[in-house]
Protein chains: 2
Amino acid sequence: MKTDLDSARDYSQQIAENIRDAIISGDLPVDGRLPSEADLATRFNVSRPTVREALKRLAAQNLIRTQRGATGGAFVTRPSFEQAQEHMVTTATLLLSMNTVDFETAVEARFALERACLPLACARRTPAHLASMRAEIARQGTDGLTDEEFCASDVAFHRALVDATGNPVLSWHMAGAVEAMQPLMNMITFTARSRAQITDLHQALATALAEGDLTAANAAMDALASYTLDLGGEIRARRSARPTSRPGATG
Amino acid sequence: MKTDLDSARDYSQQIAENIRDAIISGDLPVDGRLPSEADLATRFNVSRPTVREALKRLAAQNLIRTQRGATGGAFVTRPSFEQAQEHMVTTATLLLSMNTVDFETAVEARFALERACLPLACARRTPAHLASMRAEIARQGTDGLTDEEFCASDVAFHRALVDATGNPVLSWHMAGAVEAMQPLMNMITFTARSRAQITDLHQALATALAEGDLTAANAAMDALASYTLDLGGEIRARRSARPTSRPGATG
DNA sequence: GCCCTGCAATATGTCAGACAATTAACAATT
DNA sequence: AATTGTTAATTGTCTGACATATTGCAGGGC
């Protein structure tokens with residue numbers, strides 16, 4: 001590991017980069033312990049707070065975890081899909097909520113990607129996946145569901161569908177695309193009719209997957225995409241009425 | 001913003017979360033300035049180093065940027081696709097290189113996603129996109145290209161293809177899927193024949209897109225996927241010969 | 001011999017105060 | 001009017017200390 005720093009740039013940033021590179025290159029093995037903060041401070045010839053800032057940067061990227069106590073320290077974290085998903089959702093949510101991208105573009109991307117899952121899902125879905133999907137469909141039909149609960153169930157349904165591909169990389173990408181849209185979807189007021197329509201399409205998807213009927217699945221997915229776009233028009237109309245548009249803001 | 005902290009958990013982490021939520025909710029507007037470190041320390045009733053650790057966490061996620069000087073401070077950064085892509089590539093590379101996922105799964109996910117881009121790319125590709133793709137095809141045919149250069153050109157070709165969808169969200173996702181595989185692809189030794197085969201398929205893709213022929217594009221993409229999987233078998237065979245497998249490690 | 005308690009060691013988490021470096025705005029000078 | 005100090009505000013870093021958590025070991029009681 002390079003330990004001489006450029007005095008013109010932030011030390012903590014350079015130290016974080018050095019350690020990060022050491023992790024990526026495999027110099028620091030997974031679950032291996034980094035030197036103690038005091039050690040690192042000596043090696044890089046900086047103070048402990050500076051080292052700590054560097055470590056916090058790495059911790060924020062889930063590259064390391066820290067543990068207190070005698071045998072504690074900073075350990076290289078094996079990247080997990082759960083953490084990566086969380087990260088992805090955060091990033092995607094930010095991109096979508098900060099007006100960087102409009103509703104139509106997000107919907108288009110999401111359904112294009114989700115459509116890509118259908119062939120694999122048709123071929124590999126297990127009874128457990130189908131059961132999850134049907135459980136959500138049942139939930140979506142219950143009375144007294146708030147819009148947010150309906151949305152959450154919708155997300156759960158689609159995640160079950162994506163998981164049916166049996167490909168964690170695909171699940172990881174899709175989780176970002178699907179979950180990040182929840183704040184936008186939460187702005188939609190679902191009428192009883194639109195709920196029924198969506199639930200019917202979910203039902204069609206589940207049936208198509210159960211029967212391995214890719215054509216039917218594609219059709220249902222396309223219908224869902226265009227229907228979601230229609231509902232989105234409602235959002236856009238409402239947003240254009242207000243001067244400042246901050247989709248994610250609650251107050 | 002909530003300023004009372006749970007004494008059982010890390011202060012710096014809680015403060016980072018609070019500020020992050022304030023950013024996401026829109027309480028702290030884009031390009032807005034955060035209170036000074038001293039201010040934040042007073043508000044949260046902690047010391048300045050603790051506040052700084054929190055800010056470094058946020059800086060590591062590209063949520064804020066800091067500036068020194070009289071009118072300096074921490075400013076909320078507008079999330080950009082460039083930064084998000086960089087982040088995505090880093091995360092995806094880590095997942096792929098740390099043995100969390102095998103080659104076949106990564107290839108399957110990548111081509112499933114890329115296949116999803118074809119309908120949009122067929123419909124929207126501009127002459128500029130086609131020119132980019134053809135430039136890479138030409139490059140791939142030149143003599144004296146190293147394997148790494150060939151790989152880089154391959155990535156550039158596919159990025160051009162993805163960009164042809166005109167959907168930045170899609171591009172963002174795909175950049176992660178495509179670029180993250182480069183380290184793995186770099187392990188492949190491309191024979192003259194395999195290069196020719198790949199370049200031919202690229203040519204077929206470009207032609208199909210130029211003519212808006214989705215069926216042909218799908219066929220070419222599928223052929224590319226299965227051919228890549230074949231080449232990957234070579235990797236697996238070579239890796240199984242060595243006890244420790246660290247794809248990303250260079251030494 | 002075995003288990004429990006208490007202490008020492010080691011590490012991270014936090015605090016307080018100080019100084020250095022950078023930058024913008026303002027005042028003074030030519 | 002333009003240029004040049006000067007000052008104030010803010011981040012970046014250092015030092016030293018204390019608080020807290022956790023492990024391991026030693027000693028005592030059973």
Side-chain angles (χ1 to χ4, degrees), chain A residues 2-20 22-23 28-29 31-77, chain B residues 1-20 22-23 28 31-77:
Chain A
K2 227 182 66 176
T3 54
D4 50 322
L5 305 174
D6 174 7
S7 65
R9 287 175 51 218
D10 277 12
Y11 288 159
S12 69
Q13 184 158 4
Q14 293 180 65
I15 293 171
E17 285 169 7
N18 282 351
I19 298 178
R20 200 200 61 168
I23 292 174
L28 294 171
D31 288 329
R33 211 197 94 173
L34 272 66
S36 72
E37 294 175 353
D39 269 11
L40 288 171
T42 306
R43 292 196 200 194
F44 285 104
N45 202 27
V46 296
S47 66
R48 195 157 81 93
T50 303
V51 167
R52 282 181 61 80
E53 287 178 9
L55 293 180
K56 294 315 162 200
R57 292 180 120 110
L58 297 173
Q61 298 174 302
N62 284 324
L63 282 168
I64 62 170
R65 61 187 184 281
T66 56
Q67 205 176 337
R68 283 169 79 161
T71 59
F75 299 84
V76 178
T77 302
Chain B
M1 198 187 310
K2 224 181 68 177
T3 55
D4 50 322
L5 306 174
D6 174 7
S7 66
R9 287 174 51 219
D10 276 13
Y11 288 159
S12 68
Q13 184 158 4
Q14 293 179 65
I15 293 171
E17 285 168 8
N18 282 351
I19 297 179
R20 199 200 62 168
I23 292 174
L28 294 170
D31 289 328
R33 214 198 91 173
L34 272 66
S36 72
E37 294 174 355
D39 268 11
L40 288 171
T42 306
R43 291 195 202 192
F44 285 105
N45 203 27
V46 296
S47 67
R48 194 157 82 92
T50 303
V51 167
R52 280 181 63 78
E53 287 179 9
L55 293 181
K56 294 314 162 200
R57 292 181 121 109
L58 298 173
Q61 301 174 37
N62 284 325
L63 282 168
I64 61 170
R65 61 186 184 280
T66 56
Q67 205 176 338
R68 282 167 80 160
T71 58
F75 299 84
V76 178
T77 302

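Order of the sequence lines fixes the chain letters, A, B, ..., with proteins taken first and strands second; residue numbering starts at 1 for each chain.
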Protein-nucleotides 16-18 of chain C N/O pairs closer than 3.5 Å?
unit_1  : atom_1 : unit_2   : atom_2 : d
dA18(C) : N6     : Arg48(B) : NH2    : 3.4

What's the [atom1]-[atom2] distance between [X] and [N], to the nearest Å?
{"X": "Asn45(A)", "N": "dT15(D)", "atom1": "CG", "atom2": "C1'", "answer": "14 Å"}
{"X": "Asp10(B)", "N": "dT20(D)", "atom1": "CG", "atom2": "P", "answer": "14 Å"}
{"X": "Gln13(B)", "N": "dG13(C)", "atom1": "CD", "atom2": "P", "answer": "10 Å"}
{"X": "Lys56(A)", "N": "dG12(D)", "atom1": "NZ", "atom2": "P", "answer": "17 Å"}
{"X": "Arg9(B)", "N": "dA21(D)", "atom1": "CZ", "atom2": "P", "answer": "15 Å"}
{"X": "Arg65(B)", "N": "dT10(D)", "atom1": "CZ", "atom2": "C1'", "answer": "16 Å"}
{"X": "Leu34(B)", "N": "dT11(D)", "atom1": "CG", "atom2": "P", "answer": "9 Å"}
{"X": "Leu55(A)", "N": "dT14(C)", "atom1": "CG", "atom2": "P", "answer": "13 Å"}

TODO: Check every strand shown and say whether Arg33(B) touches a base, only sugar-phosphate, or nothing at a heavy-atom separation below 4.0 Å.
DONE: sugar-phosphate
- [ ] Quick one: pull up NZ in Lys56(A) and CD in Glu53(B) and give me the separation to the nearest 0.5 Å.
- [x] 5.5 Å
Task: Rounded distance [0.5 Å steps], CZ in Arg57(A) versus CG in Leu58(B) - done: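 If I round to the nearest 0.5 Å, the distance is 10.5 Å.
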Task: Side chain Arg65(B), main chain Ala74(B), donor-acceptor under 3.5 Å - done: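 Looks like no, no N/O pair under 3.5 Å.
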- [ ] Please determine, for the side chain of Ser36(A), which listed nucleotide (dT11(D), dT12(C), dT13(D)) has the closest atom?
- [x] dT12(C)
Any side-chain N or O of [X] below 4.0 angstrom from OP1/OP2 of [N]?
{"X": "Thr66(A)", "N": "dG13(C)", "answer": "yes"}
{"X": "Thr50(B)", "N": "dC15(C)", "answer": "yes"}
{"X": "Arg52(B)", "N": "dG12(D)", "answer": "yes"}

Are the side chains of [X] and [Y] in touch, meaning some heavy atoms are under 4.5 Å apart?
{"X": "Ile19(A)", "Y": "Leu63(A)", "result": "no"}
{"X": "Val46(A)", "Y": "Ile15(A)", "result": "yes"}
{"X": "Thr77(A)", "Y": "Asn62(A)", "result": "no"}
{"X": "Phe44(B)", "Y": "Thr50(B)", "result": "no"}

Open item on the list: My understanding is that only residues two or more places apart in sequence, or in another chain, count here; which of them pass side-chain contact (heavy atoms from CB on, under 4.5 Å) with Arg48(B)?
Closed with: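 Checked Arg48(B) against side-chain contact (heavy atoms from CB on, under 4.5 Å); matches are Glu37(B), Arg52(B).
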Within the sub-3.5 Å range, which N or O atoms of nucleotides 22-25 of chain C have a protein N or O partner, and how far apart are they?
unit_1  : atom_1 : unit_2   : atom_2 : d
dT22(C) : O2     : Gly69(B) : N      : 3.4
dT23(C) : O2     : Ala70(B) : N      : 2.8

Task: Candidates Thr66(A), Val51(A), Val76(A) - the one meeting side-chain contact (heavy atoms from CB on, under 4.5 Å) with Leu34(A) - done: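 It is Val76(A); the other options fail the test.
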